[in-house]
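Single-structure report; data block below.
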Amino acid sequence: MTKGGMESVEVFTSEGKGRGLKAQKEFLPGDVIFAEPAYAAVVFDSLTQVICHTCFKRQEKLHRCGQCKFAYYCDRTCQRAAWLNHKNECSAIKRHGKAPTENIRLAARIMWKIEREGSGLSEGCMVSIDDLQNHVNSFDEEEKKELRIDVENFLEFWPPQCQQFGVQFISHIFGVISCNGFTLSDQRGLQAVGVGIFPNLCQANHDCWPNCTVIFNNGNHEAVRSMFHTQMRIELRALNKISPGDELTVSYVDFLNLSEERRKQLKKQYYFDCTCEHCKKQTKDDLMLAVKEGENKPSAETVKEVIQFSKDTLEKITKARMEGLYHEVVKMCRECLKKQEPVLGDTNIYLLRILSIASEVLSYLQMFEEAADYAKRMVDGYMKIYHPNNAQLGMAMMRAGVTHWHAGLIELGHGLICKAYGILLITHGPSHPITKDLEVMRVQTEMELRMFKQNEFMYYKMREAALKNQKIQVMPEPSNETSPSLFHKKE
């Protein structure tokens, strides 16, 4: 079956995995296989006043809804675009006295859409909300208890004059949100800011080494002429060449974990056992557990001690970052690296995790030279582990390139920015805000590199003057989150 803009894919029954998506034609790396607007989406509770409730962009000044005083928008364009979905929510929040949690708000938006359109197939959807998996039967006692509380809170919030739904159907909707809620990020792709339901995307099965990636595009509401307006949507993009008849897969988890860890995470969050080739063969696990080779090869006991020390340090670092003690974090990273370097190999994930944190926090503290060294080692390790067109790899390269530029290492910085640009053209596409930012950086560093090669002394003099005159670009404050995962799981 194919439907509205989905002509190039079909739903099929995948052996042992239920429904899946299959390509109907050939795709090349970077091709958009399909784009899908959200069936329903909400901003996280903690960010409702700083993120636009329509396009999920982070903005300095937002307009507040004058009625419910809860929803915030970039401008009138976003506010008008939201009204169909916000209208019922607006009066329900006024009646209830306050806005409920994100889970209740998302469930309510889904129900209001069902009330308007019925629960059958929506326009452009290949599957109805009724038919999405909910996994409620697989919930443990704690999850069942949370579900009961959510249902009770929902019934308290749901207006009496609206269509009434049974407890079983309400539970189904919460189950759908729990295992199909897709993480939405801000326009820079650096922070998870909301959660949405995309029924077509839900049909794509998982593979730890997938042939597709999913990118959230906030759309463009600022264009003066409405014909250039684009809707907030997800895009399923090809990572490599895909032939007609190939199954389309995405990765639900970050590959930078041992196969056993990924399988545990997938079982806990999505209730299935991963049987992909990379898990079955434990591909790249040897790289992620690499230790130093040669005559000074460490004993198994030493390796075990260092890995345990690394795990303990990572826990302490998380606590220190939450408290904003960044100098303390740097000290712990240096201490840990001193223990790791004689023992662990360059691609060991515990070493890479410490390098990643150290480079990010040192960049924030503007200690760019040390940050650049760690960032380069981190990227070198990532390149041996990740798929060459992996979005996380592209983003890490971009950050490393910017760090090198700040450190005055223009040749290395430009090289990393060019490599990152090549990856993001495939994963995000040329019109995504992140790719556009990167293109500006690429042009700037290329110009600087030319100047550097002509006259090194003059280059540094001009750079010094330029940095004095302009406010130095400060790196964003390190967040405690890893990069946003594909699907959102309620903590």
Over all heavy atoms of both residues, which pair between R237 and P430 is shortest? Give the atoms and the distance, please.
NH2-CD, 4.5 Å

Flag side-chain contact, heavy atom, 4.5 Å: H278 against F255:
yes

Go through the steps to decide whether E142 and K145 satisfy the test salt bridge (Lys or Arg N to Asp or Glu O under 4.0 Å), and finish with yes or no.
CA-CA 5 Å; E142 189 55 39; K145 187 180 161 191; 5.0 Å; no

State whether E446 and R450 are salt-bridged, where the test is any N-O pair (Lys NZ or Arg NE/NH1/NH2 against Asp/Glu carboxylate O) under 4.0 Å.
yes

Can you establish whether the number of heavy atoms outside Q133 located under 6.0 Å from its atom CD is more than 12?
no

Give a yes or no on whether E369 atom CD has more than 12 heavy-atom contacts from other residues, nucleotides or ligands under 6.0 Å away.
no

Would you call F154 and F174 a side-chain contact if the rule is heavy atoms closer than 4.5 Å?
yes

Does Y252 reach the side chain of R262, with side-chain heavy atoms less than 4.5 Å apart?
no

What closest approach, in Å, do C212 and I33 show between heavy atoms, and which atom pair accounts for it?
SG-CD1, 3.5 Å

F272 vs H206 aromatic rings, parallel, tilted or perpendicular, using cut-offs 30° and 60°?
tilted

Hey, is CG on D373 packed in by over 12 heavy atoms from elsewhere, all under 6.0 Å?
yes

Minimum heavy-atom distance V379-A400, with the two atoms named:
CG2-CB, 3.8 Å

Sub-6.0 Å ring centroid separation between F70 and H53
yes

Of all residues at least two apart in sequence or in a different chain, which pass the salt bridge (Lys or Arg N to Asp or Glu O under 4.0 Å) check with E323?
K319

Looking only at the side chains, is there a donor atom on one of Y364 and E360 sitting less than 3.5 Å from an acceptor on the other?
no

All heavy atoms of S363 vs all of T403, minimum pair found to be OG-OG1, 3.2 Å

Are any non-hydrogen side-chain atoms of M398 and I434 less than 4.5 angstrom apart?
yes

Correct closest heavy-atom pair for L351 and L344 would be N-CD1, 4.2 Å

Applying side-chain contact (heavy atoms from CB on, under 4.5 Å), can you list everything that pairs with A38, at least two apart in sequence or on another chain?
A41, F198, M232

Establish, for the pair R353 and Y350, whether the NZ or CZ atom is under 6.0 angstrom from the six-membered ring centre and no further than 45 degrees off its axis.
yes

Does atom NZ (K419) have a neighbourhood of more than 12 heavy atoms from anything else shown, all under 6.0 Å?
no

Quick one, T48 and Y72 - any side-chain contact, counting heavy atoms below 4.5 Å?
no

Are there more than 12 heavy atoms of other residues, nucleotides or ligands under 6.0 Å from atom NZ of K292?
yes

Restricting to non-hydrogen atoms, name the atom on A23 and the atom on I242 that form the minimum distance, rounded to 0.1 Å.
CB-CG2, 3.8 Å

Heavy-atom distance under 4.5 Å between the side chains of E328 and K316, does that happen here?
no

Just verifying a value: how many Å separate Q454 CD and L449 CG, rounded to the nearest 0.5 Å?
10.0 Å

Taking the six-membered ring where the residue is Trp, are the ring centres of H63 and Y73 under 6.0 Å apart?
no

Do D437 and V440 have side chains that get closer than 4.5 Å, going by heavy atoms?
no

Are the side chains of L132 and Y39 in contact, using a 4.5 Å heavy-atom criterion?
no

More than 12 heavy atoms from other groups under 6.0 Å of CD on E305
yes

